[in-house]
Amino acid sequence: MACNSPEPISPPPLEIPVIDISGYLRGEASATSAIVSSIASAARAPRFFQITGHNVSPALIARLLTCLAAFFALPLKTKNSIHRNKSSALRGFEAVGEQRLEEGFSDCKEGFMVGPERSAEDARFLQGPNQWPKETEAEGLKEAVLKYFSEMRALSGTMFRLIALSLGVDEHYFDEFATSKDSIANCRAHRYPPASEEVAKNSRGIGAHTDFGALTLLLQDKIGGLEVFHRPTQTWHPVEALEGAFVVNVGDMLERWTNNHYASTLHRVISPTSGQYRYSVAFFNEGLLDQVVECIPTCLKQGDIPLYEPVSVENHLRDRYGKSY
Ligand SMILES: O=C(O)CCC(=O)C(=O)O
Ligand SMILES: [Fe+2]
């Protein structure tokens with residue numbers, strides 16, 4: 001008698017912590033130490049967490065998602081008129097299939113990139129003017145994106161203070177890197193087109209990757225599809241779409257800076273199969289181009305050696321961006 005093949009065992013769910021940071025924002029000392037220790041443990045494993053209790057208003061988030069949906073619904077020709085190829089700073093629209101983050105898959109997503117406004121004369125790598133659609137084509141988009149950008153920059157600064165405390169360095173250790181006017185931060189909004197179950201299984205909304213910069217704060221709508229890789233069991237796990245929360249993940253630069261104390265984690269997006277588009281907005285904080293990233297002293301235990309050569313932020317980013325486009 002033939003043996004029945006065993007049912008495939010599904011991996012146990014991966015718990016992705018949700019950390020309420022409101023106590024820190026209110027200046028409460030005991031809440032702050034609990035938040036800092038939750039961050040310290042979440043950033044070690046699973047290296048992905050979500051935050052709530054921030055000050056970004058739900059009304060602004062709703063307005064942003066509405067304006068983005070209207071923008072992405074414009075004809076491709078209109079969106080291509082502000083294509084990122086026309087920008088030395090990679091700002092503007094990118095079409096489905098133009099980025100490739102995982103070998104063998106082109107990302108099935110559209111993107112719209114925005115950063116701090118800077119004149120063309122003053123441009124540097126990833127710095128320069130934004131490209132906007134005409135106000136008549138995308139009413140309110142510019143205002144909503146810029147307002148969101150400035151709130152996310154402040155929130156990212158807050159997260160860097162908490163990360164600094166969690167690493168045992170001065171609370172303001174990363175302030176200049178994370179929040180000065182020259183620091184590289186950018187927002188990339190995404191629209192993921194729906195696909196059939198069959199197509200979604202064999203393609204990627206966004207291919208498996210780790211983020212290039214220091215810290216990412218991600219807003220996702222309620223459709224779901226973001227997955228994170230758990231290295232010990234080599235399995236993928238969904239990241240629950242929680243209204244009002246931001247997903248936080250460590251990027252490669254912070255991994256290098258902390259000598260792998262905090263490491264970046266592979267993640268990907270599976271195309272939506274519910275028949276609806278999925279929207280998300282990532283805020284990447286990549287810091288000052290001339291900053292040298294080298295092992296933070298508190299991350300080097302006695303007897304340890306730095307695992308990475310010092311590198312400037314600019315060289316690190318040029319290398320990573322160069323490989324994905
Ligand atoms: O859309 C998402 O949920 C993830 C986006 C992402 O990983 C990225 O832009 O780096
Ligand atoms: Fe990512």
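Everything quoted here is computed from the prediction, not taken from an experiment. For ligands, and for the atoms within them, numbers begin at 1 and follow the listed sequence.
Of all the heavy atoms of Q220, none lies under 4.0 Å from any atom of ligand 1, so neither backbone nor side chain is involved. The part of L218 lying near ligand 1 is the side chain, judged by heavy-atom distances below 4.0 Å. No part of T216 comes within 4.0 Å of ligand 1, judged by heavy-atom distances. When heavy-atom distances to ligand 1 are checked against a 4.0 Å cut-off, K109 has no atom that comes that close, whether in backbone or side chain.
Minimum heavy-atom separation, T179 to G157: CG2-CA, 3.6 Å.
When hydrogens are left out, the protein atom nearest atom 9 (O) of ligand 1 is R188 NH2, 2.9 Å; that is the closest non-hydrogen contact. Of the protein's heavy atoms, R278 NH2, 2.8 Å lies nearest to atom 3 (O) of ligand 1.
At under 3.5 Å, a nitrogen or oxygen of H209, whether backbone or side chain, sits near a nitrogen or oxygen of ligand 1.
No hydrogens or angles considered: nothing links the side chains of S180 and D182 as a donor-acceptor pair under 3.5 Å.
The only option from V247, V269, N249 that meets the side-chain contact (heavy atoms from CB on, under 4.5 Å) definition with V239 turns out to be V247.
Using a 4.0 Å cut-off to heavy atoms of F284, the atoms of ligand 1 that qualify are 8 (C), 9 (O), 10 (O). Taking every non-hydrogen atom of V269 and a distance limit under 4.0 Å, the qualifying atoms of ligand 1 come out as 1 (O), 2 (C), 3 (O), 4 (C). Numbered from 1 in the order shown, with element, the atoms of ligand 1 that lie under 4.0 Å from a heavy atom of Y192 read 1 (O), 2 (C), 4 (C), 5 (C). Counting atoms of ligand 1 from 1 in the listed order, those under 4.0 Å from a heavy atom of H190 are 1 (O), 5 (C), 9 (O). For ligand 1, the atoms lying closer than 4.0 Å to a non-hydrogen atom of H267 are 7 (O).
No more than 12 heavy atoms of other residues, nucleotides or ligands shown are found within 6.0 angstrom of CD on E15.
Of the possible donor and acceptor atoms, one in the side chain of E137 sits under 3.5 Å from a partner among the backbone N and O of K134. Within the 3.5 Å criterion, the main-chain N or O of H83 finds no donor-acceptor partner in the side chain of S87.
Relative to the six-membered ring of F105, R204 meets both conditions, a distance below 6.0 Å and an angle of at most 45° to the axis.
F48 and H267 have their aromatic ring centers within a separation under 6.0 angstrom.
For the pair NE2 of H209 and OD1 of D211, the angle at the Fe ion (ligand 2) is about 90°; rounding is to 10 degrees.
Within the 4.0 Å heavy-atom cutoff, R268 does not count among the residues contacting ligand 1.
Counting heavy atoms from C-beta outward, M152 and L217 have side chains that approach closer than 4.5 Å.
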